[in-house]
Amino acid sequence: MDIAIYIHIPFCERKCPYCDFNSFSGRQALRTAYVDALCHEMAAVAARGRALGASYAARTLYFGGGTPTLLDPRHFAQLLACAREQFGWHERLETTTEANPGTIDVAYLRALRALGVNRVSLGVQSLDDAMLRRLGRIHDASAAIAAVEACREGGFENLSVDLMYGLPDQDLPHWRRTLEQVAALAPEHLSLYPLTIEPGTPFWRRRESGRLILPPDDDVAEMFEVAEEALKANSFDHYELSNWALGMVHQCQHNLTYWRNQPYVGLGAGAHSSLHLERYHNVESPSDYIRLVGDRADAVASRESIDRNLEMAETLILGLRLADGVRRTAFRDRFGRNLDEVIGDALSRPGLDELIADDGERIALSPRGKLLANEVFVAVLDSSIGGPSVC
Amino acid sequence: MQLFSLSRQNNVYFHSMKQNNIRNFSIIAHIDHGKTTLSDRLLESTGTISEREKADQLLDSMDLEREKGITIKARAVRMSYRSKAGQDYELNLIDTPGHVDFNYEVSRSLAACEGALLVVDAAQGIEAQTLANVYLALEHDLNIIPVVNKIDLPSAEPEKVAQEIEDVIGIPAEEIIFASAKDGTGTDDILEAIVQRIPPPKGSLHQALRALIFDSHYDSYKGVIAYVRVVDGVVRSDDQILMLATGKRTDVLEIGVFRPQMTPVDELAVGEVGYIATGLKNVADSQVGDTITVARDPANEPLPGYRPAKPMVFAGLYPVESSEYNLLRDALEKLRLNDAALIFEPESSIALGFGFRCGFLGLLHMEIVQERLEREYDLDLLTTSPSVEYQVSTTDGKDLVVDNPAALPDAVHIAEIKEPWMKISVVAPSRYVGTIMELVTVRRGEFDKMEYLDTQRVLLTYDVPLSEILVDFYDQLKSRTQGYASLDYVLDDYKAAKLVKLEILVNNQPVDALSLITHVDSAYAKGRELVGKLRKLVPRQLFEVPLQATIGSRVIARETIPAMRKNVLAKCYGGDVTRKRKLLEKQAEGKKRMKRVGNVEIPQEAFMAVLRLGQE
């Protein structure tokens, strides 16, 4: 059984003020024990799979964070060795690590490449020093550019860059400039995210108290459209709501697993898994995680079982994120149900129909629908398959 | 037989003695001028209640009254008093509601008395309502005992206020009693004055029973308890009684007096004040002002002045949670048991769902009902803009009464609309005349006259359409005069006016809850204001939404809500699926609670906000 494997590294040099991910600064001392725990968890997951009669084969491997590049190459070596030992292994499988430009150099990258890591997702966020400071990043623009060059020199041919837009005081010309600069860096893949203010973060408090003012939604919408246009001109395919790639081969195989609602295992503190019709996640604290894995071989904090209706609803709202959308034949093959019957008239309400592009085989979001995807998703969840069975 | 007639003769003698020693009086006072404290002093001084028994401010027994400092339901208390000359008297204090909405109830309470204490605050002087009630008392030939209260206050100016009373009401200053209900000063003088200056009740024991109902309340065991003043004859606990106005007939369950607890007696005779437990299930069957007589020997003539309770102000009351509709109905039914003036019937609205169209005596009455529903029945309510009752003549010669804008016929079918006008009086320091004048003029008011009460204070009289003072008038008056102005109003007449129905359209569909009847001159401003508010409160939709204010087919104001551009959760990866789905489910839940008008999803809160803004 093919699964995507996600490994969470919850350490950061400094926590960014907009970030609500499960990451902690000042706990690097836990690294070795944490990596040991990860190996322990991998073995336990594989053993449980065998007990269920399933033999897991890794389809992709992804180191996310936090900042995975705070680990030493020897940690990577240990984790990759464990993974190969516990799971079936496809040759040349996509192995990604997220990287903070402030934490890497050519030697380090060369070491990771030699261990089998073949894709880097670089958290650039902006190419404006003042903006990077406001975002609390530990690197400046020249470090970001240097990081791209280092990746190339280190042997990486599949490079993704993360950028943020809708930033405080950002206007369209500023954003256009950023896009031009990033295009000049020629990554194979781009992820663009509007800054979202999450509860509990310093940015949330700043916005509540009026110290942080973001561009109005309509401007952010325009930034999205500008990006779409600019990246199209640079031959990027807009294959998911926030993701662009130079051709199919450079689409992120790991993330496609999520959007296609296929099984994955998340390892590490706070990591989420979706396996055997169940979604579950681990405890968030790295030290609790280490302790629990040691004590009982798992660190699951809570589980939710996914019934058929919910699985269909999730398959739709995840699949519609993709430019490919949801295929009627694929849906029937998976669920034995007719997609149109399942959706009913949920998407036919005035206004909503315009957000959908339907070529008879595929249902996908229309260009306008990409900015209003939630309206479509809400309608799906509100239809007969969402509603009652959802807790 | 002989024994009976003998005792009956004794009774006659006893009654005429007694009648001479009865004094029935009320207290007229502005809010906060000390009526309640003075009442308490009288009750203590006559030993009717002891200090120990005394609940703080006994006469106002409803929480809401205490909080608002007003008396909603009249109460009556019997006191025994031995005068300085050694005579024993029975004093009946009939409390009066303190607000102008209950003007009719006040007039019935006064009609049950021969005298009144006029209590004026030594620091504040006479207020508009006090004056209105004094005139009402004079109309009923009541003897007035003026009391200048709160003379212990540092800011008290008793002499000045006494002069004002002499100048304005024409009561000689030497008749005025200076008192402090707080420390008891003057209480004895007041009690002496009550027996000396107020005449005993007139009326004849030998005539058929005529008892005036001046208040009532509902008791779940004894039915409607009518509060009565016996004007002629006698009522006994085994009588069958008849209400002359409503024609209701019933056996007396119990009669009694308030001491202040309800204390049963065998009979109530001419001049006495007490209660009759009727067993009736509906207070509307024993209306304030009606005359009770004995069924086997009924009086020919009812007592004068009866008027059925007539609501003046109408509004829709809706539960915020539609599931509370039945609770609201039950609560309204319970309130109606004690409130003959409250009327209601079911109505429904596209915007607000199911609710009730209610009629009230006035704005305060509406506010009290609303607050009692929210407080005593724990309901969360939404009230539509209040409306008055319009008299509409149609082009085909029909006359209609319309209290709901939705029921107003098309303009082409209307020959004439008449609206109620009030006579209002305002008492305020003369320096505020300009700002009051401006406020009243903007509300289509017409100046009648201005009189100086003293060198600094004036009494202004205007005619104003009731619809113009329903919303925000009193608050405006108060704020423009730093709280110094006082207001009184009575219904004057119906007058024709150029009135139109203003409708608000969302995506070309009228929103019933927001339509209103207004004077054509203010329609434009109101239309602009309403669509402006909606523009801010209605969330953007997937398509552009026009908002219009119209009169008939004419659009007088327009705004457009641009289509929504962005609603997307940008990030969704493995760890986010459940959390993101829950966020979307929340949005879906929110949508379910939206009201749909012309395909536009509008949160009920938006309607509420518009209605609330309209009332600010």
Side-chain angles (χ1 to χ4, degrees), chain A residues 4 6 8 21-22 62 64 166 191-196 217-218 220-222 224 240-242 254-255 257-259 261 264-266 270-274 279 281 304 310 313-314 317-318 321 349-352 354-355 368-375 377-382 386-387 390-391, chain B residues 323 350 505-509 511 534-547 559-606:
Chain A
Y6 175 84
H8 190 71
F21 283 8
N22 187 37
Y62 194 103
S191 300
L192 311 184
Y193 305 112
L195 174 61
T196 45
D217 257 14
D218 284 6
V220 180
E222 214 161 317
F224 174 86
E240 192 266 351
L241 287 178
S242 303
H254 182 81
N255 289 340
T257 308
Y258 300 142
W259 300 319
N261 202 17
Y264 55 91
V265 167
H272 290 244
S273 303
S274 175
R279 289 189 188 277
H281 67 92
E304 177 192 25
L310 191 50
E314 287 187 344
I317 63 176
L318 290 164
R321 300 186 66 88
R349 208 157 52 70
L352 212 50
E354 288 170 35
L355 308 184
R368 189 160 167 254
K370 288 179 184 170
L371 274 167
L372 291 163
N374 285 359
E375 297 288 321
F377 300 162
V378 163
V380 169
L381 286 174
D382 208 14
V390 177
C391 52
Chain B
S323 58
I350 298 166
L505 276 59
V506 172
N507 203 25
N508 305 312
Q509 291 286 315
V511 182
L534 272 179
R535 163 84 176 73
K536 292 194 196 97
L537 292 163
V538 174
R540 289 164 72 171
Q541 309 286 315
L542 290 174
F543 42 86
E544 194 176 273
V545 175
L547 304 171
E559 293 263 4
T560 304
I561 301 175
M564 186 199 305
R565 282 203 63 189
K566 178 174 166 284
N567 178 16
V568 56
L569 296 168
K571 276 191 186 181
C572 189
Y573 298 101
D576 298 319
V577 177
T578 305
R579 194 163 67 107
K580 295 282 150 83
R581 193 192 74 227
K582 295 214 158 126
L583 278 175
L584 292 167
E585 279 166 7
K586 241 184 173 166
Q587 282 195 24
E589 257 328 290
K591 272 187 197 290
K592 281 206 191 99
R593 280 181 296 135
M594 299 231 189
K595 306 284 175 181
R596 205 169 279 184
V597 178
N599 272 323
V600 178
E601 286 170 332
I602 304 177
Q604 188 164 311
E605 297 80 54

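Quick caveat, the model's predicted, so the values are computed rather than measured. Quick note on labels: first sequence line is chain A, next is B, and so on, each numbered from 1.
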- Note on the structure: Ranking A:H281, A:R321, A:K370 by heavy-atom pairs under 4.5 Å to chain B gives rank one to A:R321

- Task: Please look at A:Y62 and chain B and tell me whether the side chain, the backbone, both or neither of the residue comes under 4.5 angstrom of a heavy atom of that chain.
- Result: neither

- Message: Using a 3.5 Å distance criterion without hydrogens, assess whether the side chain of A:Y264 forms a donor-acceptor pair with backbone atoms of B:G574.
- Response: yes

- Ranking B:D576, B:L583, B:V577, B:T578 by heavy-atom pairs under 4.5 Å to chain A gives rank one to B:V577

- Task: Evaluate whether atom OH of A:Y193 has more than 12 neighbouring non-hydrogen atoms of other residues, nucleotides or ligands under 6.0 angstrom away.
- Result: yes

- Cut-off 4.5 Å, heavy atoms of chain B, and the answer for A:E222 is both

- Contact origin within A:L352 toward chain B - heavy atom pairs under 4.5 Å: both

- Task: Provide the full list of ring-ring contact (aromatic ring centres under 6.0 Å, His included) pairs with a residue in residues 581-602 of chain B, sequence neighbours left out, each pair given once.
- Result: none

- Query: With sequence neighbours left out, what residues match B:E601 under side chain to side chain contact (heavy atoms under 4.5 Å, CB included)?
  - Reply: A:R349, B:Q541, B:K591, B:M594, B:R596

- Message: With rounding to the nearest 0.5 angstrom, report the CZ to CG distance, B:R581 to A:L381.
- Response: 7.5 Å

- Sort A:E314 into side chain, backbone, both or neither according to what part of it lies under 4.5 angstrom from a heavy atom of chain B. side chain

- Message: Quick check: do B:K571 and A:T196 have side-chain heavy atoms less than 4.5 Å from each other?
- Response: no

- Under 4.5 Å from any heavy atom of chain B - which part of A:L241: side chain

